[in-house]
**Student:** 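Below is one structure. I have some questions about it.
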Amino acid sequence: MKVIARPLWPHVIYLCVWALCFVPHAEAELLRVVALIGTRPEAIKMAPVIWELQRHPDTIECYVVDTGQHVQMLRPLLRFFRITPNVSLSIMTRSQSLASLSSQLATKMDRALRKIEPHIILVQGDTTSAFVSGLTAFYNQIPVGHVEAGLRTYNLYSPFPEEANRHMLSVITTFSFSPTNISTKALLYEGVDANSIVQTGNTVIDTIKWMLKQTPPDHHILNRLSKTDKKVVLVTSHRRESLGEVMRNLFTQIRALCRTFTDHLFLFPVHLNPAVQELAHEIFDDVPNIFLEAPITYDVFVHVLARCHLALTDSGGIQEEASYMGVPVLVMRKNTERPEGVIAGVSRLVHMDNLGQVANRLLSSPSEYRRMARKVTVYGDGYASERIVRHLLQHKTALVKREFSVSAELEGL
């Protein structure tokens with residue numbers, strides 16, 4: 001009797017379908033990402049990254065960690081951005097030193113990271129909170145993604161301590177998200193692996209584009225500006241290296257500008273640092289056309305800046321924000337880690353002794369002013385956050401498997 005062999009493939013297909021339908025499978029592990037927020041500028045630039053991370057709940061689990069710095073300035077901003085921290089470290093104490101801040105943050109961040117066990121931490125910029133959090137992650141063999149990597153002045157004490165912070169961060173960073181071509185070149189020059197650098201644009205442009213679409217809030221400053229056609233000059237100053245005689249010199253020159261240009265309004269949201277507060281009131285209290293205001297929330301600030309004729313500042317972020325709005329900036333610093341605006345001709349570095357002279361010429365000469373008052377996109381196109389998250393998702397499998405976490409030299413130790 002002849003035996004006819006039956007093909008096996010129908011049975012194989014049946015078993016595969018049965019297994020897919022009825023055998024329970026472990027869900028794919030989510031990519032756990034810690035997004036760190038320390039200061040207000042960090043929140044402004046991390047907000048669109050957090051929103052983008054939260055747009056992928058099927059693949060990403062985002063934990064927002066707030067260090068507890070700048071509480072008065074930060075909490076209203078986070079509420080406006082609809083961001084609720086998962087962890088708040090509450091590290092701020094009055095007049096604490098950088099060493100005290102660093103030690104507290106390292107201890108509490110270590111505890112948070114051990115509890116969350118993230119696959120990667122994202123830190124932004126060059127603050128002490130960003131550096132110490134990145135260092136603590138490195139100690140726990142957790143990959144670090146550095147948003148806004150590669151900014152440089154090559155003067156370790158200007159700005160202080162930011163220049164040192166960002167140099168040291170680059171050594172322990174897994175993914176360097178550089179904002180511009182210049183920052184990318186700086187990283188390559190220092191020997192950072194080209195494969196670890198992703199040029200994304202600056203996330204602050206993402207935030208600015210979103211903010212300008214929002215309805216301006218009802219605020220007394222905006223109400224005052226809407227009722228006048230006077231030109232408005234914005235003043236901000238807070239940097240640690242400017243405190244003391246440098247700041248006094250700058251404020252004295254600004255007071256002279258106020259008295260020369262009495263038809264202009266000067267608006268100065270004064271930083272909460274007691275040293276800045278005391279000096280600002282000493283120099284400006286008797287000047288009628290300068291308004292000393294409490295720090296304003298970012299939703300107000302963006303619309304105030306858009307209304308301004310000129311900005312006098314030592315801020316890094318305002319150089320980026322103003323360039324997108326076409327507001328000229330005089331940078332009251334010896335150097336800048338954001339040379340793109342200077343190269344484009346929309347911002348200008350001014351020595352502390354020359355501020356009054358340069359500002360006077362700019363406010364007096366329409367042709368000089370027009371040369372600087374141009375909208376440029378040298379800092380980004382508004383899609384930086386999408387590029388950052390896309391890169392994380394492209395490396396999700398390797399991050400979840402912790403392939404970036406342990407080097408060959410550490411295996412077996």
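Computed from heavy atoms alone, side chains included, the values below leave out hydrogens, waters and symmetry copies.
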**Student:** Indicate whether any N or O donor in one side chain lies under 3.5 Å from an N or O acceptor in the other, for Ser237 and Asp314.
**Tutor:**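 Yes, side-chain donor-acceptor contact under 3.5 Å.
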**Student:** Is the ring centre of Phe268 less than 6.0 Å from the ring centre of His281?
**Tutor:** no
**Student:** Look up atom CD in Gln253 and atom CG in Asp353, then write down how far apart they are to the nearest 0.5 Å.
**Tutor:**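 The distance works out to 6.5 Å.
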**Student:** Please assess Leu234 against Thr313 for the test side chain to side chain contact (heavy atoms under 4.5 Å, CB included), listing each intermediate value before the final yes or no.
**Tutor:** CA-CA 8 Å; Leu234 176 70; Thr313 185; over 6 Å; no
**Student:** Can you check whether Thr207 reaches Lys45 side chain to side chain, under 4.5 Å on heavy atoms?
**Tutor:** no
**Student:** Please state whether the rings of His309 and His264 are parallel, tilted or perpendicular, taking 30° and 60° as the class boundaries.
**Tutor:** perpendicular
**Student:** Looking only at side chains, do Thr184 and Gln199 share a donor and an acceptor under 3.5 Å apart?
**Tutor:**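 There is such a pair between these side chains.
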**Student:** Are the side chains of Arg248 and Leu279 in touch, meaning some heavy atoms are under 4.5 Å apart?
**Tutor:**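 When only atoms from C-beta onward are counted, Leu279 and Arg248 do touch, with a gap below 4.5 Å.
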**Student:** Between Leu310, Val327, Leu225, Val304, which is the residue that forms a side chain to side chain contact (heavy atoms under 4.5 Å, CB included) with Val232?
**Tutor:**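 So, applying the side chain to side chain contact (heavy atoms under 4.5 Å, CB included) to Val232 and each of Leu310, Val327, Leu225, Val304, only Leu225 qualifies.
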**Student:** Please lay out, stage by stage, how Arg338 and Glu148 fare under the test salt bridge (Lys or Arg N to Asp or Glu O under 4.0 Å).
**Tutor:** CA-CA 11 Å; Arg338 295 168 173 86; Glu148 200 181 52; 3.5 Å; yes
**Student:** Between Phe80 and Trp210, is a ring-ring contact (aromatic ring centres under 6.0 Å, His included) present by the stated rule, with each step listed?
**Tutor:** CA-CA 12 Å; Phe80 176 76; Trp210 180 83; 5.7 Å; yes
**Student:** With heavy-atom distances below 4.5 Å as the criterion, would you say the side chains of Asn86 and Ile116 are in contact?
**Tutor:** no
**Student:** Between Arg114 and Glu117, is the salt bridge (Lys or Arg N to Asp or Glu O under 4.0 Å) condition met? List the steps.
**Tutor:** CA-CA 5 Å; Arg114 289 176 183 274; Glu117 295 184 336; over 6 Å; no
**Student:** Of all the heavy-atom pairs spanning Ala149 and Pro179, show the shortest one and how long it is.
**Tutor:** O-CD, 3.2 Å
**Student:** Test Ile388 against Phe175 for side chain to side chain contact (heavy atoms under 4.5 Å, CB included), laying out the working first.
**Tutor:** CA-CA 9 Å; Ile388 290 169; Phe175 298 134; over 6 Å; no
**Student:** Should Met325 and Ile208 be marked as a side chain to side chain contact (heavy atoms under 4.5 Å, CB included) after you check the CA-CA gap, both sets of side-chain angles, and the distance that decides it?
**Tutor:** CA-CA 9 Å; Met325 301 181 196; Ile208 285 287; 3.6 Å; yes
**Student:** Give me the atom names and distance for the closest heavy-atom approach of Leu30 to His119.
**Tutor:** O-CE1, 3.2 Å
**Student:** Any chance the side chains of Asn360 and Ser364 put a donor and an acceptor closer than 3.5 Å?
**Tutor:**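 Note: Asn360 and Ser364 side chains meet the donor-acceptor criterion.
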**Student:** Is the closest side-chain donor-acceptor distance between Ser88 and Arg75 under 3.5 Å?
**Tutor:**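 On atom types as modelled, these side chains qualify, holding a pair under 3.5 Å.
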**Student:** Apply side chain to side chain contact (heavy atoms under 4.5 Å, CB included) to residues His167 and Arg152 and explain how you reach the verdict.
**Tutor:** CA-CA 8 Å; His167 272 276; Arg152 298 289 187 268; 3.3 Å; yes
**Student:** Can you see whether Glu42 engages Gln124 through a side-chain donor-acceptor pair at a distance of less than 3.5 angstrom?
**Tutor:**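 The criterion, which ignores hydrogens and geometry beyond distance, is not satisfied for Gln124 and Glu42.
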**Student:** Using side-chain heavy atoms (C-beta onward) and a distance below 4.5 Å, is Glu321 in contact with Val302?
**Tutor:** no
**Student:** How many angstroms lie between OG1 in Thr262 and CG in Leu257, if you round to the nearest 0.5 Å?
**Tutor:** 12.0 Å
**Student:** If you round to the nearest 0.5 Å, how far is NZ of Lys209 from OH of Tyr383?
**Tutor:** 4.5 Å
**Student:** With a 4.5 Å cut-off on side-chain heavy atoms, are Leu187 and Ser178 touching?
**Tutor:** yes
**Student:** Any side-chain heavy-atom pair from Val132 and Thr67 closer than 4.5 angstrom?
**Tutor:** no
**Student:** Quick one: pull up CD1 in Ile296 and CG in Leu267 and give me the separation to the nearest 0.5 Å.
**Tutor:** 6.0 Å
**Student:** What's the verdict on ring-ring contact (aromatic ring centres under 6.0 Å, His included) for Tyr379 and Tyr324, showing C-alpha distance, side-chain angles and the deciding distance?
**Tutor:** CA-CA 8 Å; Tyr379 294 108; Tyr324 185 78; over 10 Å; no
**Student:** Can you measure from CD1 (Ile205) to OG (Ser323) and round to the nearest 0.5 angstrom?
**Tutor:**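 The CD1 atom of Ile205 sits 5.5 Å away from the OG atom of Ser323.
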**Student:** Can you see which heavy atom on Glu337 is nearest to which on Arg333, and at what distance?
**Tutor:**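 Closest pair (atom of Glu337, atom of Arg333, distance): OE1-NH2, 2.7 Å.
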**Student:** Above 12 or not: heavy atoms from other molecules or residues under 6.0 Å from NZ of Lys231?
**Tutor:** no
**Student:** Do Asn289 and Asp263 come within less than 4.5 Å of each other through their side chains, counting heavy atoms only?
**Tutor:** no
**Student:** Crowded around Phe138 CZ? As in, over 12 foreign heavy atoms under 6.0 Å?
**Tutor:** no
**Student:** Does atom OH of Tyr189 have more than 12 heavy-atom neighbours from other groups under 6.0 Å away?
**Tutor:** no
**Student:** Measuring only between side-chain heavy atoms, which start at C-beta, is Pro161 closer than 4.5 Å to Met168?
**Tutor:**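 The answer is no; the side chains never approach within 4.5 Å.
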**Student:** For Thr336 and Gln319: C-alpha separation, side-chain torsions, deciding distance, then whether side chain to side chain donor-acceptor pair (under 3.5 Å) applies.
**Tutor:** CA-CA 9 Å; Thr336 179; Gln319 296 174 54; 2.9 Å; yes
**Student:** Once the angle between the rings of His238 and His271 is folded into 0 to 90°, is it parallel (under 30°), tilted (30 to 60°) or perpendicular (over 60°)?
**Tutor:** parallel
**Student:** So which heavy atom on Ala275 is nearest to which on Asn273, and how close?
**Tutor:**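 That would be N-OD1, 2.9 Å.
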**Student:** Hey, can you pull the donor-acceptor pairs under 3.5 Å for the side chains in residues 215-222, sequence neighbours left out?
**Tutor:**
residue, atom, partner, partner atom, Å
Asp218, OD1, Asn223, ND2, 3.0
His219, ND1, Ile221, N, 3.1
His220, NE2, Glu293, OE1, 3.0

**Student:** Taking only Lys NZ, Arg NE, NH1 and NH2, and the carboxylate oxygens of Asp or Glu, determine whether Asp286 and Arg259 approach each other closer than 4.0 Å.
**Tutor:**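 Looking at Asp286 and Arg259, the cut-off is met.
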**Student:** At their closest point, which heavy atom of Ala130 faces which heavy atom of Val123, and how far apart are they?
**Tutor:** O-CG1, 3.8 Å
**Student:** As an exercise, state the distance from CG of Leu362 to OH of Tyr369, rounded to the nearest 0.5 Å.
**Tutor:** 7.5 Å
**Student:** Taking all non-hydrogen atoms of both residues, which atom of Met46 and which atom of Ala35 are closest, and how far apart?
**Tutor:**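 Nearest heavy atoms, Met46 then Ala35: CE-CB, 3.7 Å.
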**Student:** Students often mix this up, so state it plainly: with edges at 30° and 60°, are the rings of Tyr298 and Phe301 parallel, tilted or perpendicular?
**Tutor:** parallel
**Student:** Without hydrogens or angle criteria, can the side chains of Thr180 and Ser183 be said to hold a donor-acceptor pair below 3.5 Å?
**Tutor:** yes
**Student:** Mind checking what makes salt bridge (charged side-chain N to carboxylate O under 4.0 Å, His left out) contact with Arg79, not counting sequence neighbours?
**Tutor:**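 Checked Arg79 against salt bridge (charged side-chain N to carboxylate O under 4.0 Å, His left out); zero matches.
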**Student:** Just to verify, what does Thr297 make a side chain to side chain contact (heavy atoms under 4.5 Å, CB included) with, not counting sequence neighbours?
**Tutor:**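 Side chain to side chain contact (heavy atoms under 4.5 Å, CB included) list for Thr297, sorted by chain: Pro76, Asp299, Val300.
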**Student:** Under 4.0 Å between a side-chain nitrogen and a carboxylate oxygen: does that hold for Asp206 and Arg387?
**Tutor:**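 A salt bridge is absent here (no side-chain N lies under 4.0 Å from a carboxylate O).
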**Student:** Of Ile120, Thr59, Ile60, which meets side chain to side chain contact (heavy atoms under 4.5 Å, CB included) against Lys396?
**Tutor:** Thr59
